[in-house]
Amino acid sequence: GAVVSQHPSWVICKSGTSVKIECRSLDFQATTMFWYRQFPKQSLMLMATSNEGSKATYEQGVEKDKFLINHASLTLSTLTVTSAHPEDSSFYICSASLPSTDTQYFGPGTRLTVL
Amino acid sequence: TQLLEQSPQFLSIQEGENLTVYCNSSSVFSSLQWYRQEPGEGPVLLVTVVTGGEVKKLKRLTFQFGDARKDSSLHITAAQTGDTGLYLCAGAFRAGNMLTFGGGTRLMVKP
């Protein structure tokens with residue numbers, strides 16, 4: 001149980017384009033999903049907390065207009081990187097938590113490369 | 001700022017050796033999780049500890065939660081090459097709250 005999927009697994013795009021990443025909880029309903037960014041050989045950095053039916057809460061330094069998060073249902077959250085630039089290239093990982101628990105289950109990640 | 005310090009950052013050992021990874025904070029955790037991550041993949045949950053003094057075992061891995069719930073350790077007995085990876089501790093300082101991650105321990109087990 002507690003499986004989280006992410007799509008796509010990897011994406012290469014041109015600078016200036018927008019990229020959407022989907023995060024789905026496959027066998028449970030997640031009222032809260034989280035989006036992280038990970039640079040090579042580093043730990044995870046929380047970007048934002050996504051709550052179903054409400055606006056996402058962004059961490060300090062994360063531009064909400066650049067990283068658009070939508071959590072329209074209890075099983076799906078999306079992260080859109082708008083007007084992507086090479087510095088946005090990174091490994092993006094989502095997670096979902098079971099209601100009333102702290103444990104998070106992670107998706108397999110999305111490798112974004114902006115040329 | 002609620003910080004979670006993880007040590008060591010890097011560890012390179014021979015197969016068969018034992019090792020311990022530490023996770024420390026000055027604040028009390030509601031719960032703490034340990035994850036293992038391989039390159040290009042998402043972290044995989046190993047264990048969640050909730051009760052002070054709790055000890056959990058997962059085959060050759062032993063997880064301990066400090067009595068005061070401010071620290072935790074992961075001990076691997078007789079490491080194998082398949083244990084190679086990035087080990088992450090993550091704590092929640094309030095129930096249902098976001099996780100704060102440690103800096104990670106990159107473990108390499110050589111044959």
Side-chain angles (χ1 to χ4, degrees), chain A residues 1-11 21 23-26 28 30-51 56-62 90-113, chain B residues 1-12 21 23 27-51 54 56 63 65 69 72 84-108:
Chain A
V3 179
V4 176
S5 71
Q6 246 179 278
H7 178 81
S9 299
W10 55 270
V11 58
I21 303 171
C23 178
R24 294 179 184 273
S25 56
L26 297 185
F28 66 102
T31 52
T32 306
M33 289 185 172
F34 304 85
W35 286 96
Y36 295 85
R37 185 172 179 176
Q38 186 176 33
F39 292 103
K41 299 185 178 181
Q42 293 188 22
S43 187
L44 279 66
M45 287 175 45
L46 179 65
M47 297 175 66
T49 301
S50 168
N51 293 294
T57 302
Y58 290 81
E59 293 301 299
Q60 193 172 13
V62 178
S90 191
F91 193 51
Y92 292 87
I93 312 175
C94 72
S95 70
S97 60
L98 293 167
S100 302
T101 71
D102 301 327
T103 301
Q104 293 181 22
Y105 297 90
F106 286 83
T110 298
R111 170 79 54 196
L112 170 64
T113 300
Chain B
T1 304
Q2 296 161 333
L3 296 176
L4 199 52
E5 295 184 0
Q6 193 173 337
S7 62
Q9 285 185 294
F10 304 98
L11 197 52
S12 179
V21 179
C23 195
S27 301
V28 176
F29 299 121
S30 168
S31 69
L32 187 139
Q33 286 85 47
W34 285 92
Y35 295 87
R36 178 169 168 266
Q37 185 183 23
E38 299 202 39
E41 298 181 9
V44 174
L45 179 69
L46 296 175
V47 77
T48 298
V49 286
V50 179
T51 306
E54 185 176 7
K56 283 191 174 180
F63 304 86
F65 202 15
R69 290 188 291 137
S72 182
T84 294
L86 177 66
Y87 289 83
L88 297 160
C89 64
F93 292 96
R94 291 194 300 275
N97 201 18
M98 64 180 192
L99 293 179
T100 297
F101 277 82
T105 295
R106 193 163 297 278
L107 171 65
M108 175 168 288

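Chain identifiers are assigned alphabetically (A, B, ...) following the order of the sequence lines, protein sequences preceding nucleic acid strands; residue numbering begins at 1 within each chain. What's counted below: heavy atoms across the whole structure, side chains too, no hydrogens, waters or symmetry copies.
Counting all heavy atoms, side chain and backbone alike, B:L88 lies closest to A:S43 at CD2-OG, 3.3 Å.
The distance from the CE atom of A:M47 to the CD atom of A:Q38 is 13.0 Å, given to the nearest 0.5 Å.
For the set B:G103, B:A90, B:G104, B:P43, the entry with the most heavy-atom pairs within less than 4.5 Å of chain A is B:P43. Ranked by heavy-atom pairs under 4.5 Å with chain B, the list A:L98, A:I93, A:L44, A:T103 is led by A:T103.
Taking a 6.0 Å sphere around CD of B:E5, one finds it holds 12 or fewer heavy atoms contributed by other residues, nucleotides or ligands.
With a threshold of 4.5 angstrom between heavy atoms, B:Q9 does not approach chain A through any atom at all.
Among A:C23, A:S97, A:S95, the single residue meeting the side chain to side chain contact (heavy atoms under 4.5 Å, CB included) criterion with A:M33 is A:C23.
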